[in-house]
Amino acid sequence: MTGARAPLRLLDRPLPGMAVLETLPHRDERGSFARCFCRETLQALGIGAEVAQANLSFSEQRGTLRGLHWQEKPGAEVKIVTCLAGALHDIVLDLRPDSPTYGRHAPVELSAANRRIVVVPEGCAHGFLTLADRTLVLYLVSAAYDPARERGVRWDDPAFALPWPFPPRVISPRDAALPDFAPAA
Ligand SMILES: Cc1cn([C@H]2C[C@H](O)[C@@H](COP(=O)(O)OP(=O)(O)O[C@H]3O[C@H](C)C(=O)[C@H](O)[C@H]3O)O2)c(=O)[nH]c1=O
């Protein structure tokens, strides 16, 4: 962006509407300053993202698996995911029936060290496996949490063969018991 002192740089667009960016910190004798969200940058990429909620997800142990979750319309949300501490193997799964990449997944390694940001489009399931103890994740989401509209895909659903570096050691009973995926009627 013009005049941006702590800009974001686009690294990849694995799926339609998805983006992987990295922060380019401004560094000086005090330390650094980095941007982890920029509406102007996302709009220039054709991504509209209003922020309705900001969430912090902390996982104590390496090998904690969360997700994969998404919210159905009218609660569908764009998620902007950044790792503030530790590291994680993040997966975005395209479940948009009309998408040319329906059923395809995109893995991304996020860590406090690589300062990467993943933009998860509406209609895509999102989950991650932590790769370090005490991993902290910041989510900016574009719609309010609506448990009635939340849906899930199990991490080992045979329909998708999602690539995890190793099996989860910690997972919620709810996520472990998610049924095999059935496409919306
Ligand atoms: C998502 C959410 C949850 N909650 C409450 C509901 C539960 O009482 C508690 C833990 O929720 P949950 O077990 O759904 O948390 P995760 O399994 O980490 O869920 C997340 O996992 C995957 C990786 C995602 O992409 C979503 O951001 C989100 O669904 O926080 C809220 O109050 N607001 C919220 O926005």
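Residues take their numbers from the sequence shown, with the count starting at 1. Order of appearance sets the numbers: ligands from 1, and atoms from 1 within every ligand.
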Handout entry: Minimum-distance protein heavy atom relative to atom 18 (O) of ligand 1
Key = R66 NH1, 2.8 Å
Problem - Residue H69 vicinity, atoms of ligand 1 by number, heavy atom under 4.0 Å - result: 17 (O), 19 (O), 20 (C), 21 (O), 22 (C), 28 (C), 29 (O)
Exercise for the section: Would you confirm whether E72, through its side chain, and R151, through its main-chain N or O, come within 3.5 Å as a donor-acceptor pair? Expected result: no
Practice task
Go through E150 and R174 one step at a time and tell me if the salt bridge (Lys or Arg N to Asp or Glu O under 4.0 Å) criterion holds.
Solution key: CA-CA 12 Å; E150 188 171 67; R174 181 192 69 159; 2.8 Å; yes
Handout entry: atom 5 (C) of ligand 1: the protein heavy-atom neighbour that sits closest, reported with distance to 0.1 Å
Key = Y145 CE2, 4.2 Å
Problem - Residue pair P165 / L131, side-chain heavy-atom distance below 4.5 Å - result: yes
Exercise for the section: May I ask you to decide if the ring planes of Y139 and H126 are parallel, tilted or perpendicular, using 30° and 60° as cut-offs? Expected result: perpendicular
Practice task
Considering only non-hydrogen protein atoms, determine which one is nearest to atom 25 (O) of ligand 1 and report residue, atom name and distance to 0.1 Å.
Solution key: H126 ND1, 2.7 Å
Problem - NZ/NE/NH1/NH2 to OD/OE distance under 4.0 Å, R9 and E22 - result: yes
Practice task
Around atom 27 (O) of ligand 1, find the nearest protein heavy atom and jot down its residue, atom name and distance.
Solution key: Y139 CE2, 3.1 Å
Exercise for the section: Find all atoms of ligand 1 within a distance of less than 4.0 Å from any non-hydrogen atom belonging to N55, and give their numbers and elements. Expected result: 35 (O)
Problem - Pairing of D156 and R154 as salt bridge, 4.0 angstrom limit - result: yes
Practice task
Give a yes or no on whether atom 20 (C) of ligand 1 lies under 4.0 Å from any heavy atom of the protein.
Solution key: yes
